[in-house]
**Student:** 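I have a structure here, written as structure tokens, and I will follow up with some questions on it.
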Amino acid sequence: MEEVVIAGVGMHEFGRFDDKDYRDLGFVAAKRALEDANMSLNEVQAAFSANVYEISAAGHNVLEKLGVPGIPIINVENACASGASAVRLAYQAIKNKEYDVALVVGFEKSPRGFLPGAGYDRWQEWTGLGANPLYFASSIHEHMVEYGTTREQLAYIASKSHKNAVHNPYAMFRKELSIDEVLNARMVSDPLTLYMLCAPNDGAAAVVICNKKVAKSFTEKPISIAASVLETRRRGDMFVPAVSAPANPPYPTVAERAAQSAYEMASLGPEDIDVAEIQDVDAGSEIIYSERLGFCPIGEGGARAEAGETSIGGRIPLNVNGGILSRGEPVGASSLGQIAEITWQLRGEAGVNQVEGAKVALSHSEGAGGNSCVTILTR
Amino acid sequence: MVYVKEKVPVKEGLFKWQDEEAKLIVAKCTKCGEMVFPQQSFCPECCLETMEPVTINSIGKLKCFTRITAPPPGYKGSVPYTAGIVEFPEGIRILGITTEKEVVNLEPGMEMEVIVDTAFIEDEKEYVMFKYKPVSQGED
Ligand SMILES: [Zn+2]
């Protein structure tokens with residue numbers, strides 16, 4: 001087994017870019033990642049692309065502008081976890097000596113409004129059950145009923161996200177929002193207001209993944225991949241588009257399982273993580289996942305966030321560059337954006353939002369289909 | 001008044017409704033007891049074709065709920081509407097639409113009854129769907 005590192009990362013800004021298509025976005029991210037790794041596409045032996053809404057051979061079309069070296073290119077679609085799933089394929093191939101260098105590029109031009117195609121049957125859509133926010137809202141409402149999590153705690157998380165994103169050049173929303181502004185915004189899916197939900201948008205991100213021995217000749221700042229895990233849901237996770245679940249399943253949730261596998265693979269625990277980007281597709285999800293990833297006891301996520309534990313300078317800073325709530329979610333690129341952000345954190349290049357002395361970082365993406373990816377990086 | 005030729009369910013096999021009490025139909029594994037809604041032939045736990053359809057109690061407890069104000073893609077009903085997860089005594093939780101437009105009419109833990117009601121009318125057909133109705137609420 002070979003040691004695997006990240007040799008370069010790059011992003012195209014996340015937002016709305018009406019004059020650019022997915023090729024333009026993906027090209028910029030891939031070019032920036034290759035430049036960061038001091039490479040051209042000629043050094044890359046395999047490429048994995050992550051995208052949800054384009055039709056066919058999208059990764060091929062993106063990379064064509066950077067060269068046509070005849071390497072294998074695989075297009076990956078795994079909903080919100082597409083990018084991290086593609087990273088896992090590259091990671092496994094390099095770990096098993098199949099290749100020394102692989103490029104992963106994720107890109108998206110999201111449709112406007114509610115995202116279509118989350119796998120709902122037509123009767124679910126006709127009757128109003130085919131709505132992603134309904135799932136997010138129900139989950140956090142149950143958490144509020146069971147543990148006393150409050151609307152103010154949800155607003156705190158959205159406000160924290162927007163405050164963090166002010167300094168992130170890649171984020172879509174870079175304006176501070178007070179807790180009152182979040183609470184008083186339009187109610188989309190009770191208890192979630194407009195600012196407690198992420199916006200699907202456009203963007204791209206790329207990562208160059210490398211055998212550690214080979215990376216030395218290209219970069220002086222390799223970041224190790226200590227774990228790369230993908231799990232899918234079991235019946236207990238009533239995730240989009242599932243309609244039912246057993247009442248008391250005798251096994252952990254998919255996020256708990258993915259985290260557990262990742263911690264084992266890395267020989268680390270949640271207490272070792274210095275900074276994390278987690279799937280804050282809504283403010284409630286940040287609370288729920290902060291618990292399931294082991295950062296605090298079940299039921300305490302809201303209170304711990306409100307006490308500042310997940311803010312910059314706190315015990316376990318989460319989504320320090322604004323997360324998905326402020327970056328927006330170009331689905332195929334989103335988890336690669338997380339990985340780029342935590343790579344900069346571990347290199348000490350995160351600027352104003354740098355978590356001092358960060359040595360171990362985690363990325364978590366989870367979405368339709370019940371995919372859950374956990375990636376752990378170390379320096 | 002819209003002319004309606006016939007009543008049809010939004011999908012066959014979700015619920016019993018014609019000439020009998022409304023009840024949801026779930027699949028139950030004859031080997032391990034796992035239940036799934038909507039029904040399917042393979043058990044999610046055993047991964048074998050061991051499921052058979054059974055009806056469940058028409059009353060369950062409302063665990064959580066939300067109110068949707070903007071129509072999601074493909075939706076043919078009216079907004080706002082509320083939806084929630086009901087836990088049935090057999091040990092299965094099922095997501096459904098409620099009869100209520102406002103969350104103030106809903107309480108966590110309250111008993112909800114499965115009824116079958118109009119979802120929408122299209123091409124002279126009335127499509128019917130199961131909905132959750134608060135038990136405490138009087139007939140109207
Ligand atoms: Zn079974």
Side-chain angles (χ1 to χ4, degrees), chain A residues 111-118 120-146 148-149 186-194 197 232-251 282 284 370, chain B residues 9-12 14 24 26-27 33-39 43-45 60-97 102-103 106-109 119-120 122 127-131:
Chain A
R112 300 268 172 178
F114 279 105
L115 286 182
Y120 299 111
D121 203 343
R122 58 183 194 167
W123 70 271
Q124 289 171 273
E125 294 187 341
W126 291 346
T127 58
L129 292 179
N132 297 355
L134 189 163
Y135 283 81
F136 308 142
S138 304
S139 297
I140 194 60
H141 184 230
E142 183 162 25
H143 199 275
M144 293 165 80
V145 171
E146 197 133 328
T149 300
R186 181 168 68 82
M187 187 64 78
V188 174
S189 187
D190 190 84
L192 302 173
T193 67
L194 185 63
L197 284 153
T232 62
R233 74 176 193 100
R234 292 188 65 184
R235 279 269 300 139
D237 297 286
M238 201 199 277
F239 207 94
V240 172
V243 188
S244 71
N248 296 298
Y251 43 78
D282 65 284
Chain B
V10 292
K11 183 185 167 74
E12 290 291 342
L14 291 181
L24 295 178
V26 308
E34 179 81 3
M35 280 176 288
V36 183
F37 177 84
Q39 55 173 306
C43 172
E45 291 297 322
K61 278 202 163 62
L62 183 63
K63 298 299 288 186
C64 54
F65 48 84
T66 183
R67 178 174 178 266
I68 301 275
T69 50
Y75 179 53
K76 293 173 186 283
S78 59
V79 287
Y81 64 94
T82 65
I85 294 174
V86 168
E87 193 168 303
F88 291 91
E90 288 84 352
I92 184 169
R93 302 159 59 111
I94 298 174
L95 181 65
I97 303 298
E102 303 300 329
V103 288
L106 301 171
E107 279 294 330
F120 57 92
E122 197 175 79
Y127 286 83
V128 295
M129 166 70 170
F130 74 94
K131 288 181 188 171

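A note on names: the letters A, B, ... follow the listed sequences, proteins ahead of strands, and every chain is numbered from 1.
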**Student:** What part of A/Val145 gets within 4.5 angstrom of chain B, counting heavy atoms only: side chain, backbone, both, or neither?
**Tutor:** side chain
**Student:** Please classify the contact of A/Met238 with chain B as side chain, backbone, both or neither, using a heavy-atom distance under 4.5 Å.
**Tutor:** side chain
**Student:** Would you mind checking which part of B/Tyr81 comes under 4.5 Å of any heavy atom in chain A, side chain (CB onward), backbone (N, CA, C, O), both or neither?
**Tutor:** side chain
**Student:** What's the spacing between A/Trp126 CH2 and B/Glu122 CD if we round to 0.5 Å?
**Tutor:** 7.5 Å
**Student:** Side chain, backbone, both or neither: which part of B/Phe120 has a non-hydrogen atom closer than 4.5 Å to chain A?
**Tutor:** side chain
**Student:** For A/Arg122, which atoms come within 4.5 Å of any heavy atom of chain B: side chain, backbone, both, or neither?
**Tutor:** neither
**Student:** Let's test your reading of the structure: which of B/Leu14, B/Leu95, B/Ile92 forms the most heavy-atom pairs below 4.5 Å with chain A?
**Tutor:** B/Leu95
**Student:** Between B/Ile85 and chain A, which part of the residue has a heavy atom less than 4.5 Å away: side chain, backbone, both or neither?
**Tutor:** side chain
**Student:** With a 4.5 Å limit on heavy-atom distance, are the side chains of B/Pro72 and A/Glu125 in contact?
**Tutor:** no
**Student:** With a 4.5 Å cut-off on heavy-atom pairs, point out which of B/Val10, B/Val79, B/Thr82, B/Val26 contacts chain A the most.
**Tutor:** B/Val10
**Student:** At a heavy-atom distance under 4.5 Å, which candidate from B/Gly109, B/Ala119, B/Pro108 has the highest pair count against chain A?
**Tutor:** B/Pro108
**Student:** Roughly how far, to the nearest 0.5 Å, is CE of A/Met144 from SG of B/Cys64?
**Tutor:** 11.5 Å
**Student:** Can you tell me how far the OG1 atom of B/Thr66 sits from the OH atom of A/Tyr135, to the nearest 0.5 Å?
**Tutor:** 13.0 Å
**Student:** Measuring from atom CZ of A/Arg234 to atom CD of B/Glu45, what distance do you get when rounded to the nearest 0.5 angstrom?
**Tutor:** 4.5 Å
**Student:** Quick one: sort the B/Phe130 and A/Trp123 rings into parallel, tilted or perpendicular, breaks at 30° and 60°.
**Tutor:** tilted
**Student:** Nearest 0.5 angstrom please: A/Arg235 CZ to B/Met35 CE, how far?
**Tutor:** 9.0 Å
**Student:** Please check if the number of heavy atoms outside B/Lys61 that lie under 6.0 Å from its NZ is greater than 12.
**Tutor:** no
**Student:** Could you tell me which portion of B/Val36 (side chain, backbone, both or neither) has an atom closer than 4.5 angstrom to a non-hydrogen atom of chain A?
**Tutor:** both
**Student:** Can you name the closest pair of heavy atoms from A/Ala247 and B/Arg93 and give their distance?
**Tutor:** CA-CD, 3.7 Å
**Student:** Working to the nearest 0.5 angstrom, can you tell me the gap between A/His141 NE2 and B/Lys63 NZ?
**Tutor:** 11.5 Å
**Student:** If I measure from the heavy atoms of chain B, does A/Tyr251 come under 4.5 Å with its side chain, its backbone, both, or neither?
**Tutor:** side chain
**Student:** Which heavy atom of A/Met187 sits nearest a heavy atom of B/Thr69, and at what distance?
**Tutor:** O-OG1, 3.2 Å
**Student:** Which one wins on heavy-atom pair count under 4.5 Å against chain B: A/Ile140, A/Leu192, A/Leu129, A/Asp121?
**Tutor:** A/Leu129
